[in-house]
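Positions are given from 1, in the same order as the sequence printed here.
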Amino acid sequence: MSYKDPDRQREYQKEYARTRRQPAGVCQTPGRTPVPPEFRIKTARDVLDLLAGQIAAVQADEQSTTLEKARVVGSLAAVALRAVEAADLAGRVEALEQALKLRSKESTTSWSQTPWPSITPTSHPESA
């Protein structure tokens with residue numbers, strides 16, 4: 001990150017080096033609030049839960065105007081919609097994976113139970 005003020009750049013580098021020395025998983029760039037690991041987002045469901053809380057907080061904020069609330073809620077709703085789509089796709093992929101596993105188990109058991117059909121030469125009536 002470039003700064004015109006060398007003192008500000010030095011302060012940023014100092015803070016950045018300090019955060020790099022912290023234990024794994026805690027390091028954040030300077031100026032950000034560290035997020036505890038239990039609040040980290042891992043699934044689309046986590047995103048939806050987080051967005052629901054944030055939308056409620058925006059709607060409860062008395063200092064914001066109606067227009068500001070509408071803009072923020074609209075953008076959060078767009079993100080929530082993408083999260084719902086991702087969750088739906090994740091569920092569909094899981095269902096397909098399970099179906100393929102079942103199909104492969106069925107095919108391996110059916111192969112072991114029924115031998116390959118034997119190929120025997122047959123005489124055709126036309127060739128006689």
**Student:** V72, V47: one ILVMFWY side-chain cluster at the under-4.5 Å cut-off?
**Tutor:** yes
**Student:** Hey, is the main chain of D61 close enough, under 3.5 Å, to the side chain of K69 for a donor-acceptor pair?
**Tutor:** yes
**Student:** Are side-chain heavy atoms of D49 and R45 found at a separation under 4.5 Å?
**Tutor:** yes
**Student:** Quick one: does E68's side chain have a donor or acceptor within less than 3.5 Å of a partner on T65's backbone?
**Tutor:** yes
**Student:** Can you name the nearest heavy-atom pair linking A44 to A83, along with the distance?
**Tutor:** CB-O, 3.4 Å
**Student:** According to a 4.5 Å side-chain heavy-atom criterion applied to Ile, Leu, Val, Met, Phe, Trp and Tyr, with indirect links allowed, do V58 and V79 form part of one hydrophobic cluster?
**Tutor:** yes
**Student:** With distance as the sole test, does S104 use its side chain to make a donor-acceptor pair with the main-chain N or O of K101 at under 3.5 Å?
**Tutor:** yes
**Student:** Under 4.5 Å between any side-chain heavy atoms of D5 and Q9, yes or no?
**Tutor:** no
**Student:** Could you pull out the closest heavy-atom pair between A80 and L48, with the gap in Å?
**Tutor:** O-CD2, 3.5 Å
**Student:** Distance check, rounded to the nearest 0.5 Å: L50 atom CG versus I55 atom CD1?
**Tutor:** 9.5 Å
**Student:** What's the separation between atom CZ in R82 and atom CG in L51, rounded to the nearest 0.5 Å?
**Tutor:** 9.5 Å
